[in-house]
Amino acid sequence: IAPDRGVMIVEEITPATVAERGSFFSRADYVCKEYRGEHPIDPDSRSRAGQKLLDCIGNLFDVVADPGWMVSSWKLDIARAWNVLGEITSPLHVDGHVHARIADAIESQFPEIAENQPELLARHCTEAGLIEKAALLWGKAGQRSLSRSALVEAIEQLTRALRQFAALPATPALRREQIKLQVALINPLMHVKGYAAPEPKAAAERARVLIEQAEALGEPPDDPLLLFSVLYGFWAANSIAFNGDAVLELSEQFVALAEKQRAKVPLMVGHRLMGHSLLCRGDIAQSRAHLDRAISLYEPAEQRPLATRFGQDAGPSALIHRSWAMWVLGYPETALSDAHRAVKYVRESDQAATLMFVLAHGSLFPHTFRGDYPAASAQAQELFAVADAKGALLWKAAAMFVQGCILGLTGRASDAVQTSNSAITLYQSTGSIIYVPYFLSYLASAYARLAEFKDAWRCIGEAMTMM
């Protein structure tokens with residue numbers, strides 16, 4: 001295909017050439033790849049092709065409006081055409097009215113595309129200067145991405161929505177939507193950046209400020225869970241940073257507010273938070289009592305969809321922490337049963353965040369302590385793959401540490417030292433501290449096996465200082 005093939009393709013996009021359906025779309029795909037740099041094309045030819053493509057957009061509108069082919073299978077292929085058009089027009093500084101026409105055509109002719117790909121419509125509305133509409137669409141896209149565990153995409157889309165909301169005149173309706181999206185942003189940031197990283201903490205603080213400002217205007221949140229989600233964000237940041245007094249106080253606030261409002265879901269989450277907080281402070285018996293209460297209140301059908309509001313699905317999270325408590329209390333079989341139940345629950349859903357949480361904690365306890373290194377290794381490998389795919393640094397670090405732990409326990413101390421040091425560095429880069437003393441104890445053991453006692457004592461000293 002000649003470098004100026006894009007011009008030839010443009011000239012063929014007319015109602016008269018609709019019959020050449022297959023060849024048209026294969027060539028359109030080729031042009032799109034040229035713009036992405038997948039095929040060689042010189043800058044001048046690319047520019048000429050781009051201008052021709054802009055000139056022919058009106059012809060494509062004529063094709064779309066032709067009722068003769070709308071009833072055919074062309075309707076399936078037109079989604080590809082809109083994506084091609086979006087990719088081509090994005091870098092070419094197309095006039096806003098062109099994007100407005102594209103957005104109108106998508107909404108009027110292809111409502112299923114508008115519903116299932118709001119980010120496509122949002123992009124054209126943004127370029128068309130339809131800021132409020134674009135903000136709502138970016139928010140919808142971000143919520144959809146979050147629900148399917150596309151964490152990085154959710155952050156990008158929610159951030160774009162919030163940036164556009166900030167440029168709009170404030171109204172009660174827009175304030176409510178802005179608060180909802182600001183709260184939603186906390187969850188993907190926690191998993192991608194780390195619970196105690198600056199970004200999720202700033203998002204939670206911003207959400208708190210927005211809620212307080214709205215309340216000062218006589219606009220309390222219409223969703224009672226919003227405040228609980230913000231409170232969870234503060235709890236999570238303090239928990240992973242190992243601020244024991246703060247997490248216990250926040251847990252107590254959470255439970256007290258839930259009891260005051262007689263809110264079943266927040267009460268269940270609150271007992272889970274209390275259980276985890278007490279567990280990490282060493283109050284194992286009280287921890288178990290709260291985790292028992294949380295598990296008794298758990299109803300998967302009702303509460304599983306709320307995982308995007310509280311970090312993870314609270315049911316499997318409570319089970320995996322109770323497995324830790326049961327192990328320490330001397331009930332290894334019960335601990336193993338809870339861990340298996342947690343995995344079973346999470347396999348029944350499609351929630352990557354909960355899966356990563358359960359795999360990380362389940363591979364540490366009880367599999368490693370039982371000496372079931374193959375099971376622990378399998379979970380760590382799965383965790384690493386999921387965390388890597390989702391861009392979740394915290395959980396990637398956890399997977400690396402479990403792998404380093406197993407290497408040390410199976411006689412590969414040198415590899416354990418290298419892997420564990422990398423894991424601790426990555427883990428701490430997210431602001432996380434809570435499990436570092438535990439990690440350091442295994443690293444000290446690996447150093448001791450290598451007769452590097454100075455480094456072993458250093459690790460022990462660092463762990464004791466953190467405690």
Side-chain angles (χ1 to χ4, degrees), residues 118 132-133 135-149 151 154-155 157-166 168 170-191 200-237 250-251 253-273 294 297-315 317 349 351 353-354:
E132 181 174 341
K133 188 173 185 178
L136 294 170
L137 286 165
W138 282 121
K140 181 179 179 180
Q143 295 277 30
R144 285 174 59 87
S145 293
L146 186 56
S147 68
R148 59 186 176 85
S149 298
L151 304 175
I155 292 171
Q157 292 158 353
L158 291 170
T159 300
R160 293 190 69 163
L162 290 165
R163 189 180 301 124
Q164 292 183 335
F165 272 115
L168 292 168
T171 66
L174 290 181
R175 276 192 290 268
R176 286 194 296 272
E177 190 67 20
Q178 184 182 18
I179 289 171
K180 181 178 73 174
L181 298 180
Q182 184 66 50
V183 172
L185 180 61
I186 300 170
N187 194 74
L189 282 173
M190 285 193 300
H191 293 290
K201 290 195 291 187
E205 178 60 24
R206 176 61 176 160
R208 183 191 65 79
V209 170
L210 289 174
I211 291 173
E212 288 184 353
Q213 289 175 345
E215 288 178 334
L217 294 170
E219 301 169 11
D222 55 357
D223 179 354
L225 291 182
L226 288 173
L227 186 56
F228 286 105
S229 295
V230 174
L231 195 56
Y232 174 83
F234 290 128
W235 175 89
L250 287 165
S251 300
Q253 290 179 21
F254 201 110
V255 172
L257 184 60
E259 289 176 340
K260 180 180 179 181
Q261 296 186 5
R262 298 182 179 180
K264 182 178 179 181
V265 171
L267 187 60
M268 185 270 170
V269 176
H271 281 294
R272 200 273 283 188
L273 303 188
L297 292 170
Y298 180 62
E299 295 181 4
E302 177 186 359
Q303 297 172 20
R304 184 173 286 156
L306 299 175
T308 57
R309 309 289 295 272
F310 300 107
Q312 310 86 22
D313 186 353
S317 302
S349 66
Q351 297 175 354
T354 306

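Hydrogens, waters and symmetry mates are skipped; everything else that's a heavy atom, side chains included, is used. In this text the structure is predicted, and so the values were computed from the model without any measurement.
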Q | Carboxylate-amine/guanidinium contact Glu205 Lys201, below 4.0 Å | A | no
Q.
Which heavy atom of Ile211 sits nearest to which heavy atom of Pro221, and what is that distance?
A. CG2-CG, 3.9 Å
Q | Pairwise distance OG1(Thr159) to CG(Leu189) - rounded to 0.5 angstrom | A | 6.5 Å
Q) Looking only at atom types and distance, does a side-chain atom of Gln182 sit under 3.5 Å from a main-chain N or O of Ala203, one as donor and one as acceptor? A) yes
Q. With a 4.5 Å heavy-atom cut-off, do Leu226 and Arg309 have their side chains touching?
A. yes
Q.
What's the separation between atom CD1 in Ile179 and atom CG in Leu162, rounded to the nearest 0.5 Å?
A. 11.0 Å
Q. Minimum heavy-atom separation for Ala135 to Leu168, with atom names?
A. CB-CD1, 4.5 Å
Q. Is there a side-chain contact between Phe310 and Met268, using heavy atoms and a 4.5 Å cut-off?
A. no
Q: Any chance you could measure Thr308, atom OG1, to Asp313, atom CG, to the nearest 0.5 Å?
A: 10.5 Å
Q: Could you tell me which non-hydrogen atom of Gln253 sits nearest to which non-hydrogen atom of Leu231, and how far apart they are?
A: OE1-CD1, 4.0 Å
(Q) Using side-chain heavy atoms (C-beta onward) and a distance below 4.5 Å, is Phe165 in contact with Leu136? (A) yes
Q) Once you round to the nearest 0.5 Å, how far does CD of Glu215 lie from CG of Leu210? A) 11.5 Å
Q) What's the verdict on side chain to side chain contact (heavy atoms under 4.5 Å, CB included) for Val183 and Asp223, showing C-alpha distance, side-chain angles and the deciding distance? A) CA-CA 11 Å; Val183 172; Asp223 179 354; over 6 Å; no
(Q) Are the side chains of His271 and Phe254 in contact, using a 4.5 Å heavy-atom criterion? (A) no
Q. Taking all atoms of both residues into account, what is the closest heavy-atom pair of Arg144 and Pro118, and its distance?
A. CD-CG, 3.7 Å
Q) Between CD of Glu177 and NZ of Lys140, what distance do you get to the nearest 0.5 Å? A) 11.5 Å
Q | Side chains of Gln312 and His191 in contact at under 4.5 Å (non-hydrogen atoms) | A | yes
Q: Using a 4.5 Å cut-off on heavy atoms from C-beta on, say whether the side chain of Leu217 contacts that of Arg175.
A: yes
Q: Please answer whether the main-chain N or O of Leu297 pairs with a side-chain N or O of Gln303 as donor and acceptor at a distance below 3.5 Å.
A: yes
Q. Are any non-hydrogen side-chain atoms of Leu267 and Lys264 less than 4.5 angstrom apart?
A. no
Q) What closest approach, in Å, do Pro305 and Pro300 show between heavy atoms, and which atom pair accounts for it? A) CD-O, 4.0 Å
Q) Atom CD of Gln178 and atom OG1 of Thr171: how far apart are they, to the nearest 0.5 Å? A) 10.0 Å
Q) Closest heavy-atom contact between Pro188 and Leu158? A) CG-CD1, 4.5 Å
Q: Would you check if Val269 and Phe228 make a side-chain contact, meaning some heavy-atom pair closer than 4.5 Å?
A: no
